[in-house]
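Okay, so here's the structure we're looking at.
Just so we're on the same page: letters track the sequence lines, and every chain starts at 1.
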2 protein chains.
Amino acid sequence: MLTTRKTNRRQLILDEAAKLFKQKGFGGTSMRDLAREVGMEAASMYNHIKSKDEILDLICTRIAHTYISQLAEIEQTEASYADKVKALIRLHIRLMIEDGAAVSVANHDWKYLPEPQLTAFKDARKNYEKGFAALIEQGIAAGEFQPVNVSVALFTILSAVRWVELWYRPGRELSAEELEDHIITMLLTGLAK
Amino acid sequence: MLTTRKTNRRQLILDEAAKLFKQKGFGGTSMRDLAREVGMEAASMYNHIKSKDEILDLICTRIAHTYISQLAEIEQTEASYADKVKALIRLHIRLMIEDGAAVSVANHDWKYLPEPQLTAFKDARKNYEKGFAALIEQGIAAGEFQPVNVSVALFTILSAVRWVELWYRPGRELSAEELEDHIITMLLTGLAK
DNA sequence: CTTCGACAAACTAATGTTTGTTAGCTTAAT
DNA sequence: ATTAAGCTAACAAACATTAGTTTGTCGAAG
């Protein structure tokens, strides 16, 4: 095929790496493990990628960019703050379902990034959190939200959305959309009657 | 001193190990790293512990037992279901603050446990979740909670409480108790007005 | 003829652990 | 009190294994 080109082999390596990193962690995955999954010798992979660290960087950077660009898009919307926050929650859940392995890696293994990229990743995440927090803050100011502690609300939402990776399986009782609805209900209206 | 006995050296190793495992992960921490922190050669530590795996097991098992015994204690209380759930949330937050390193290890590095202990740990966690879920279920049946999806509520709570490890620093604006109150408010009454 | 992508083999560094040894303490017999 | 034996916990050195990566080679495709 013509489509079995450079980019595909490289992407195959990145995809399998994300799966293995999620399963066994960055340190727990050897290049030989990865090579077996890709169907290639470890040495051969170096024709497509520069290093194991580069694999991690490419995965983390892609996810970070996705979040940041989607946030920017939602910010420009003219919806209410409540709807913007809901949209962000939906984004997190959907990304976790559609690209779960990579998101898990960006959530857990980012700390193994080598130094120039580590700082870049942390800065990107900090910016994202700042933008998210601003929406909550403005929502409170606009009277759409209760006057909660903004940091507590932000990190409760960000964390509450992470368990999807451990729990959601495509053929489960809940569809993706139902799951989003349930989580949003839980976070916005709470458990108590 | 008389108190510089067997148990203390061993406990020192476990404590420093928890800190390092939290910081750099189980795989990212070498026995030589740990030895330097303890103030001893790597070989010397084997007079106190059997293996690196045993260190991980001792940390994870201790935390698992803490959660399980505390759950049993709360279950026997005669409080409302809402109060029992609140007590469990407080337990998680307090344990995270007081024993943060070990809790982090039990949350993240349990998957590196060797096989007989891995299954034991997963079973223990499953049992804990079952007991927690039962409280939510009974709370709904008793009309104390909204009729939410029990699994969604359970894992939202369990996850929402984890970020404390990444965020809380003793000298922060919020005291431990204030933090508990804020998180409980967020989870029980939600963000929306 | 050149390029690409695969491979086997080897390299260096680091890993968890074992071994052999030794200094210092405790204990009990002399 | 002194000595001898035994135990504890430290160390240096070495072990086998595994890690990520480099090198040289070779066939196939353009």
Side-chain angles (χ1 to χ4, degrees), chain A residues 1-21 23-60 105 109-118, chain B residues 1-21 23-60 105 109-118:
Chain A
M1 330 170 183
L2 279 167
T3 49
T4 313
R5 295 295 290 253
K6 214 184 298 185
T7 317
N8 287 21
R9 303 295 260 176
R10 186 182 161 100
Q11 196 56 48
L12 175 63
I13 293 173
L14 295 180
D15 290 346
E16 294 301 322
K19 284 190 220 163
L20 281 187
F21 291 173
Q23 215 179 101
K24 324 200 289 168
F26 179 70
T29 303
S30 75
M31 293 299 278
R32 289 167 180 83
D33 289 341
L34 177 54
R36 186 175 345 103
E37 220 65 28
V38 173
M40 188 185 289
E41 289 302 309
S44 308
M45 292 194 298
Y46 284 83
N47 289 320
H48 305 280
I49 51 100
K50 277 211 280 285
S51 67
K52 192 188 181 190
D53 285 344
E54 193 206 34
I55 296 177
L56 181 62
D57 179 42
L58 289 170
I59 294 172
C60 291
V105 172
D109 293 328
W110 58 267
K111 53 180 151 179
Y112 304 116
L113 284 169
E115 197 23 89
Q117 291 93 338
L118 177 62
Chain B
M1 325 170 186
L2 279 168
T3 49
T4 312
R5 294 297 290 252
K6 214 184 299 186
T7 316
N8 287 21
R9 301 297 258 175
R10 185 181 161 98
Q11 196 56 48
L12 175 62
I13 292 174
L14 295 181
D15 289 347
E16 294 301 323
K19 284 190 220 162
L20 281 187
F21 290 172
Q23 215 179 103
K24 323 200 289 168
F26 178 71
T29 304
S30 75
M31 293 299 279
R32 289 167 181 85
D33 289 341
L34 177 53
R36 185 176 345 105
E37 220 65 27
V38 174
M40 187 185 290
E41 289 302 309
S44 308
M45 292 195 296
Y46 285 82
N47 290 318
H48 305 279
I49 49 102
K50 278 211 279 286
S51 67
K52 191 188 180 189
D53 285 343
E54 193 204 36
I55 296 177
L56 181 62
D57 180 42
L58 290 170
I59 294 172
C60 291
V105 172
D109 292 329
W110 58 269
K111 53 179 153 180
Y112 303 116
L113 283 169
E115 197 23 87
Q117 291 94 336
L118 177 61

Could you give the CG-to-P distance, from B/Leu20 to C/dG16, as a whole number of Å? 12 Å

Could you check A/Glu41 against A/Arg32 and say which one's nearest nucleotide on DNA chain C is further toward the 5' end? A/Glu41

Would you mind reading off the distance between B/Leu56 atom CG and C/dT15 atom P, rounded to a whole angstrom? 17 Å

Between C/dT18 (P) and B/Lys50 (NZ): distance, integer Å: 12 Å

B/Cys60 and B/Trp110 have their tightest heavy-atom pair at SG-CA, 4.1 Å

note: B/Tyr112, atom OH; C/dT15, atom C1'; distance rounded to Å ~ 16 Å

Could you check how far CE of B/Met45 sits from P of D/dC11, rounded to whole Å? 11 Å

According to a strict under-4.0 Å criterion, is B/Arg9 in side-chain N/O contact with OP1 or OP2 of D/dA10? yes

Proximity to the side chain of B/Ser30 - top-ranked nucleotide from D/dA9, C/dG16, D/dT22: C/dG16

Can you identify which nucleotide, out of D/dA10, D/dT21, D/dC11, has its nearest atom closest to the A/Tyr46 side chain? D/dT21

Starting the side chain at C-beta, find the nucleotide from C/dT18, C/dG16, D/dT21 nearest to A/Ala42. D/dT21

Which whole-number value in Å describes the distance from B/Arg10 CZ to D/dT8 P? 14 Å

Report the distance from atom CE of A/Met31 to atom C1' of C/dA13, rounded to the nearest whole Å. 16 Å

Is the shortest side-chain N/O distance from A/Ser44 to OP1 or OP2 of C/dC7 below 4.0 Å? yes

Just compare C/dT17, C/dA6, D/dC11 and give me whichever is closest to any side-chain atom of A/Asn47. C/dA6

Given the ring of A/Phe26, does A/Lys52 sit roughly above its face, with NZ or CZ under 6.0 Å from the centre of the six-membered ring and within 45° of the axis? yes

Separation between CG of B/Leu58 and CD1 of B/Ile13, rounded to the nearest 0.5 Å: 11.0 Å

Search all heavy atoms of B/Leu56 against all heavy atoms of B/Asp109 and return the closest pair with its distance. CD2-O, 3.5 Å

Both A/Ala43 and A/Asp33 contact DNA chain D. Which one's nearest nucleotide lies toward the 5' end? A/Asp33

Regarding the side chain of B/Ser51, the nearest nucleotide among C/dC7, D/dA10, C/dT17 is C/dT17

Counting side-chain heavy atoms from CB outward, which of D/dC11, C/dC7, C/dG5 is closest to A/His48? C/dG5

Separation of B/Leu34 atom CG from C/dA14 atom C1', in whole Å? 16 Å

Counting only side-chain heavy atoms from C-beta out, which of D/dT21, C/dC7, C/dG16 sits nearest to A/Lys52? D/dT21

Over all atoms of both residues, closest heavy-atom pair of B/Tyr112 and B/Asp53: O-OD1, 4.5 Å

